[in-house]
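Excluded from the calculations below are hydrogen atoms, water molecules and symmetry mates; all remaining heavy atoms, backbone and side chain alike, are included.
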Amino acid sequence: MSRSGSSGAGGIRLRYSGIFIFAAKLSTTITGLIFMWILARFLPQSGFGGVYFISGILLYFTFPASVVPYWAAREIAVGKGGAKTSLFFNLLLSIPFFLGFLLLSPLLAAKGDVPTVALLAASPMVPLTFAISSFNNTVGVVRPAQLAGRDLAGDLVKIGFAVALVVVMKFGLPGAELSLSSAYVASAAYLYVRYREIEGQESRAEWRRALKWVALSWVTLLTGALSSFYAGADKLLLGLISEQQLGAYGAALLLSSQLSAVSGLSSALYPYVLRSGELEKGTRQVGDLTLMFSIPMLFGLLVFGRQLLSVLSRHYGVASLSLLPMLAAAYFITSSFYPLMDSVVLGSEKVDIAPRELRSSKFFGYLLLQALSLLVMLPTMWILALFYGALGMSIAVLAGAMLKLAGRFLIGKGKLRALFSPALVAKFIISSLLMSALLLFLPSRGTMQVLLDVLIGAAAYFTVLIALDSGLRHTFVSGFRAFLRGEIASRHPVQSDL
């Protein structure tokens, strides 16, 4: 595989965009952990569970946020415009959901045993989610690398608010929700600046185009609704059964969700496939790059599970540790394979698809997959959580991830031939095993020691990987020599297996 960084497809560079966004996501992993550490340390266990309960509620009031922007982005990616129409329509669509959230807040608060004011503090996230979705889809298909600063901007703001409202002023759960709302404001502001920089936007909103997208949107609306319902079901059901169980589940979920950072590595693949129509060239390139990072992250998370959970709070150590392997495996599947497969399968569908053609398209296949997942997994989640609590819910989440993975393979049959290189994956696993063996012998005590051990583990992994892969070794040596000479990039692209 070429090391030069694919450009093509309107100037989108797959590796450059992917690694840039991945690096930003890793940075926000640290800031996100700092924020959650503040909440875990300074909120009671029920309050920490309340954060997850409210996040689950929000999903049901924001599920249509990406419906119209999704169809707009497909046209924006190939130069047909539609950014302004997408934004205005989405903001109008957010109004009834925002009002509904406000009206139902007292009832929802009573059901979840959380303060009504906490839900009111979270309410700005409803319209902001609709705005951010429009900005994301526009910027993401034109200049995907510019999405890198979105989450970092939000995380830095919410940490500052959390320190002021939760730690100093002792506002508890309402303070935590205000901090989260402030993060949405910061992310929206960052994306708005990037959105304004994009050229070729229509002079005013074109409502006829919006109606066309609405005609197409029933399939993505239903898919999004089912997906959001499914995504929030674990937290909502467990919160109704036991807030204490939800606190332990949330801590393990927080650590496992850090694997979602690798999804950024495939962020540029969807617009790349839309523009170029090329499948194998970009897919294996992005697939290998994704697994090169996700496999060691999974191993490292399992090795450091106990220490990382103790960093959050001593209340969650024992209970959360039993949940971590299943939740981590579930996030590994959803973060490593779902974005890659979805980019290939849906990106290869024609841009100007007519509403009457939807029933025979892959979009309809995804709708059926979500419906089947809900039909099978919702009762499974409820039964397992009712009898086995958070452990049962973790088992159900892993089973659901595997079910949806199998469904994606069936839908993308014939287009998912080259997701990754088996020989390289074997090297990733060997390197990760040796890294894990080293980490098990390191005495991890305290937060700083854990962070130091993580850095040692990363260095060990890449050292072994470079030793195993001659192409990567050649690339590393060439890059290092170029760096010493003060060159930004080699004149001639180096070839490598990766």
For this session: Could you name each residue pair satisfying ring-ring contact (aromatic ring centres under 6.0 Å, His included) that touches residues 75-107, not counting sequence neighbours?
Result: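 Found F61-F101, F63-F97, F97-F130.
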For this session: Among residues two or more places apart or on two chains, list those pairs meeting ring-ring contact (aromatic ring centres under 6.0 Å, His included) that have a residue in residues 161-187.
Result: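 Matches after skipping sequence neighbours: none remain.
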Problem set entry | Verdict with supporting geometry, L291 and F337, side chain to side chain contact (heavy atoms under 4.5 Å, CB included) | CA-CA 9 Å; L291 291 177; F337 296 110; 4.1 Å; yes
Exercise. Residues two or more places apart in sequence or in another chain: which of them pass side chain to side chain contact (heavy atoms under 4.5 Å, CB included) with A186?
Worked result: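 Per chain and number, A186 pairs via side chain to side chain contact (heavy atoms under 4.5 Å, CB included) with V157.
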For this session: With sequence neighbours excluded, give me every side-chain hydrogen bond (donor to acceptor under 3.5 Å, both in side chains) pair touching residues 155-182.
Result: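 Listed once each, the pairs are T31-D155, D155-K158.
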For this session: Would you give the length of the straight line joining atom CG of L58 to atom CG of L108, rounded to the nearest 0.5 angstrom?
Result: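 Output value for this atom pair is 10.0 Å.
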Exercise. Judged by modelled atom types alone, do T129 and T62 share a side-chain donor-acceptor pair under 3.5 Å?
Worked result: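 Judged by distance alone, the side chains do not pair up.
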Exercise. In chain order, what residues pass the side-chain hydrogen bond (donor to acceptor under 3.5 Å, both in side chains) check against E349, with sequence neighbours excluded?
Worked result: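 side-chain hydrogen bond (donor to acceptor under 3.5 Å, both in side chains) list for E349, sorted by chain: empty.
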For this session: Quick one: list whatever passes salt bridge (Lys or Arg N to Asp or Glu O under 4.0 Å) with K212, sequence neighbours left out.
Result: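 K212: salt bridge (Lys or Arg N to Asp or Glu O under 4.0 Å) contacts with E75.
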Problem set entry | Separation between CZ of F364 and OG1 of T223, rounded to the nearest 0.5 Å |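 So the gap between those two atoms works out to 9.0 Å.
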May I have the list of side-chain donor-acceptor pairs in residues 385-413 shorter than 3.5 Å, sequence neighbours left out?
residue	atom	partner	partner atom	Å
S394	OG	A390	O	3.0
K404	NZ	Q370	OE1	3.4
R408	NE	D342	OD1	2.9
R408	NH2	D342	OD2	3.2

For this session: Ignoring hydrogens and angles, state whether a donor on the side chain of W71 or S217 is under 3.5 Å from an acceptor on the partner side chain.
Result: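 No, because no side-chain N or O of W71 sits under 3.5 Å from a partner of the opposite role on S217.
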Problem set entry | Set of residues satisfying side chain to side chain contact (heavy atoms under 4.5 Å, CB included) with respect to P355, sequence neighbours excluded |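 Counting only residues at least two positions away or on another chain, P355 forms a side chain to side chain contact (heavy atoms under 4.5 Å, CB included) with A215, L216.
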Problem set entry | Residues forming a ring pair (Phe, Tyr, Trp, His ring centres under 6.0 Å) with Y52, sequence neighbours excluded |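 Only F48 meet the ring pair (Phe, Tyr, Trp, His ring centres under 6.0 Å) criterion with Y52.
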Exercise. How far apart are the C-alpha atoms of S66 and S133, what are their side-chain angles, what is the distance that settles it, and do they pass the side-chain hydrogen bond (donor to acceptor under 3.5 Å, both in side chains) test?
Worked result: CA-CA 6 Å; S66 61; S133 178; 4.8 Å; no
Problem set entry | salt bridge (Lys or Arg N to Asp or Glu O under 4.0 Å) against K235, all qualifying residues, sequence neighbours excluded |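 In terms of salt bridge (Lys or Arg N to Asp or Glu O under 4.0 Å), with neighbours along the sequence ignored, K235 is linked to no residue.
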Problem set entry | Those residues that, when tested against P339, pass side chain to side chain contact (heavy atoms under 4.5 Å, CB included) (two or more places apart) |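 Result, side chain to side chain contact (heavy atoms under 4.5 Å, CB included) vs P339: S263, S266.
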Problem set entry | By side chain to side chain contact (heavy atoms under 4.5 Å, CB included) - contacts of F229 (at least two apart) |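 Applying side chain to side chain contact (heavy atoms under 4.5 Å, CB included) to F229 gives Y60, L374, L378.
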